[in-house]
Amino acid sequence: MSIQNREIAAIFEEIADLLEIEGADAFRVRAYREAARLIPGLAEGLAERVANGADLTELPSIGEAIAKKIAVIVETGRLPQLEEVRRRVPPSLRELLQLGGLGPKRVKALREALGVASLADLRQAVEAGKVHELPGFGEKTEAQLRERLARWQGPSSRTPLIEAEELVRPLVEHLRGGPGILDLAVAGSFRRRRETVGDLDILVACDDGAAVAERFVGYDAVAEVLSHGETRASVRLRSGIQVDLRVVPPVSWGAALHYFTGSQSHNVAVRRRGVERGLKISEYGVYRGEEAIAGRTEESVYTAVGLPFIVPELREDRGEIEAGERGALPDLVTLDDIRGDLHAHTDASDGHDSLAAMAEAAAALGYEYLAITDHTKHLGVAHGLDAKRLAAQIAAIDRLNERLAKRHEGRFQLLKASEIDILEDGSLDLPDEILARLDLRVASIHHRFDLPEHRQTERVIRAMDNRHVNILAHPTGRLIGAREPYAIDLERVMRAALERGCFLELNAQPSRLDLTDLACQQAKELGLKVAISTDAHSRAGLERMRLGIGQARRGWLSADDVINSRGLAALRRLLRRA
DNA sequence: GCCGTTTTCGGCCCGACTGTTTTCAGTCG
């Protein structure tokens with residue numbers, strides 16, 4: 001199997017880390033980091049590009065040198081340069097960077113003075129009290145390292161967005177409860193709606209920063225104050241997540257919100273545009289010389305560098321700046337565009353609520369339709385339905401729909417559907433006769449995640465060969481932070497879906513969000529439409545749609561790219577297969 | 001190492017906080 005983009009990126013990331021510790025030129029290090037950041041976001045595999053003889057230097061941030069190295073990696077699976085650097089700088093030193101509190105300079109100093117080459121070495125040096133004797137280190141640094149080593153549980157894990165929402169809500173209330181707050185926003189990757197957040201960034205506009213910072217560090221869920229100044233403070237909450245507060249005067253609100261929302265690469269790109277125009281952009285504003293020419297609103301910052309407003313979800317430096325320049329930013333899908341949900345369970349399988357309760361909850365959201373997609377018999381743990389029970393459910397839905405039509409004056413109905421298990425050989429878990437009686441069929445994999453890539457890919461494509469199948473649900477099977485996606489050639493799957501008139505699901509469950517943002521973008525580029533579905537197992541689960549919308553927006557999807565932005569009649573036309 | 005409506009050489013985003021220092025380097029976002 002050919003090498004994946006993210007494996008190539010990992011090689012450059014490691015080179016960047018090790019060169020930095022070695023003390024190499026900072027801009028050279030940055031060049032490797034830029035390449036490592038860009039590569040996983042490419043739609044097409046680099047291996048394929050190399051095989052096709054494409055000129056890689058046409059990609060941004062890839063020049064002659066890195067292009068050659070990519071070719072070597074693709075052809076041989078390894079890079080001699082990395083092996084050389086590893087001989088000079090032990091790769092275990094990277095652990096020290098991940099620990100936090102230590103950067104390349106001090107890691108280098110520790111290594112040269114004390115021979116520290118790993119976390120274990122550092123622990124010994126700290127316990128022996130040798131660290132504080134080094135120039136540039138002191139008692140406090142040593143104590144802080146001791147603390148971090150004691151807490152160390154491997155590279156820091158990111159927090160799922162939905163947990164971050166729950167953590168930040170009471171903290172925001174706490175801050176708003178204090179005097180003098182003129183404006184407040186949760187910025188960072190939270191505002192960009194990334195599926196997970198590393199830390200939380202809270203921005204406040206007010207005239208007395210010190211008072212807000214004081215109130216912030218006094219929040220009762222704070223476990224540790226990491227830093228505490230008059231305009232900036234950082235804490236670690238008991239949950240383990242770090243929260244950074246930044247306070248600015250109202251006149252800087254827009255510039256600060258832009259700066260604090262990120263992403264870092266987007267900010268760098270915008271600031272670079274500023275420099276080209278003789279402007280300096282900081283969190284305080286946009287300056288020409290001493291004079292502030294913009295910064296009260298985010299819009300004014302973009303205007304100053306000749307760009308239209310770019311929504312937070314797109315700010316990843318993945319082409320949004322170029323698209324803005326061309327006037328080609330997409331009109332992104334919103335929650336208001338969604339007309340129904342195409343994946344939901346009831347207490348007939350592993351859901352918690354009845355058919356009627358789910359229907360009323362969906363109608364209350366203003367939807368026109370809700371597809372009931374209980375599991376099928378192979379999924380015994382979920383009490384999956386066999387053909388007989390599904391036939392009974394079909395009859396029950398028909399009866400309920402009559403009542404719903406009266407109650408909601410024809411504005412809402414349930415769709416008869418199923419989430420059909422794809423068996424190991426790609427066949428379906430229910431006979432065609434019963435499938436033909438449904439409005440909609442969602443198919444998905446729930447076992448044998450371990451098949452090799454070509455077999456898993458064939459399995460899914462074979463399932464879509466069945467002309468009853470409409471949507472492939474949670475297409476990679478990943479669970480955020482818990483289970484890697486199974487090996488599957490997603491691009492082949494997308495092309496196969498397109499040829500067959502099938503669609504892929506963006507599953508909005510907070511632990512799934514499967515497809516990823518990048519996969520959504522890839523689908524859009526191929527012309528494949530997506531269903532954003534909650535896979536709700538209860539009434540409350542239907543409200544998770546907002547997470548799917550965030551992911552879809554990050555994937556550049558417009559309402560037109562999303563099949564459940566259609567009214568029922570148009571949806572039915574889309575679902576019709578040849 | 002990348003890149004180019006000032007440039008193929010000489011730039012490369014910007015500021016706050018901490019700790020170790022007496023003016024600043026390192027780290028972080």
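If you're wondering where the values come from, they're calculated on a predicted model, not measured in any experiment. We name chains A, B, ... by the order of the sequence lines, and we start the count at 1 in each one.
Donor-acceptor pairing under 3.5 Å, judged by distance alone, is absent between the side chain of A:Tyr259 and the base of B:dG15.
Taking the ring centre of A:Phe190 as origin, the terminal cationic atom of A:Arg193 falls inside the region bounded by 6.0 Å and 45° from the ring axis.
Searching all strands for a Watson-Crick or G-U wobble partner of B:dT8 with both distances below 3.5 Å returns nothing.
For B:dT20 and B:dC14, the C1' atoms lie 23 Å apart once the distance is rounded to whole Å. Going from the P atom of B:dG1 to that of B:dT6 covers 28 Å, rounded to whole Å. Using C1' as the reference atom, B:dT8 and B:dC3 are 9 Å apart when rounded to the nearest Å. Here, B:dC17 and B:dT23 have their C1' atoms 16 Å apart, quoted to the whole Å. Taking the P atoms as reference points, B:dC2 lies 16 Å from B:dC13, given to the whole Å. With both ends at atom P, the span from B:dT21 to B:dT7 equals 46 Å, rounded to whole Å. Using atom C1' as the reference point in both B:dC12 and B:dT22, the two lie 32 Å apart (nearest Å). Rounded to whole Å, the separation between the P atoms of B:dG15 and B:dG10 comes to 26 Å.
OP1 and OP2 of B:dC28 both lie 4.0 Å or more from every side-chain N or O belonging to A:Ser227. For A:Arg273, no side-chain nitrogen or oxygen approaches OP1 or OP2 of B:dC13 to under 4.0 Å. Phosphate contact (OP1/OP2 of B:dT20, side-chain N/O of A:Thr141, threshold under 4.0 Å): present. Phosphate proximity of B:dG1 to A:Lys68: absent, as no side-chain N or O sits under 4.0 Å from OP1 or OP2. OP1 or OP2 of B:dG15 has at least one side-chain nitrogen or oxygen of A:Lys280 nearer than 4.0 Å.
Results of the salt bridge (Lys or Arg N to Asp or Glu O under 4.0 Å) test with A:Glu165 over A:Arg191, A:Arg544, A:Arg546 single out A:Arg546 as the only residue that passes.
Within 4.0 Å (heavy atoms only), A:Gly101 reaches sugar-phosphate atoms of the nucleic acid but no base atom. Within 4.0 Å of A:Val275, counting heavy atoms only, lie sugar-phosphate atoms of the nucleic acid but no base atom. Here A:Arg232 lies in heavy-atom contact (under 4.0 Å) with a base. A:Glu230 comes within contact range of the sugar-phosphate backbone alone, with a heavy-atom separation under 4.0 Å but no base atom that close. Nucleic acid contact class of A:Gly262 (heavy atoms, under 4.0 Å, all strands): none. Using a 4.0 Å heavy-atom criterion, one finds that A:Glu34 contacts no nucleic acid atom at all. Across all strands shown, A:Arg28 has heavy atoms under 4.0 Å from base atoms, whether or not it also approaches the sugar-phosphate. A:Glu283 comes within 4.0 angstrom of the backbone, heavy atoms only, and of no base.
Mapping A:Thr57 and A:Tyr284 onto DNA chain B by nearest heavy atom places A:Thr57 at the nucleotide closer to the 5' end.
Straight-line distance from the CG atom of A:Leu245 to the C1' atom of B:dA16: 13 Å, rounded to whole Å. Rounded to whole angstrom, the span from the CG atom of A:Asp244 across to the P atom of B:dG15 amounts to 19 Å. Between A:Lys105 atom NZ and B:dT27 atom C1' there is a gap of 10 Å when expressed in whole angstrom units. Residue A:Gln98 contributes atom CD, which lies 16 Å from atom C1' of B:dT27 at whole-angstrom precision. Across the protein-nucleic acid pair, A:Ile39 atom CD1 and B:dC2 atom C1' stand 14 Å apart, rounded to whole Å. If you measure from atom CG of A:Leu102 to atom C1' of B:dG19, you get 13 Å, rounded to the nearest angstrom.
Judged purely by distance below 3.5 Å, without hydrogens or angles, the side chains of A:Ser189 and A:Arg194 never pair a donor atom with an acceptor atom.
Rounded to the nearest 0.5 Å, atoms CD1 (A:Ile70) and CZ (A:Phe12) are 4.5 Å apart. We find the CG-CZ distance between A:Leu184 and A:Arg176 to be 4.5 Å, quoted to the nearest 0.5 Å.
Ring-plane geometry between A:His258 and A:Tyr302 is classed as perpendicular, the angle between the planes exceeding 60 degrees on a 0 to 90 degree scale with a lower cut at 30.
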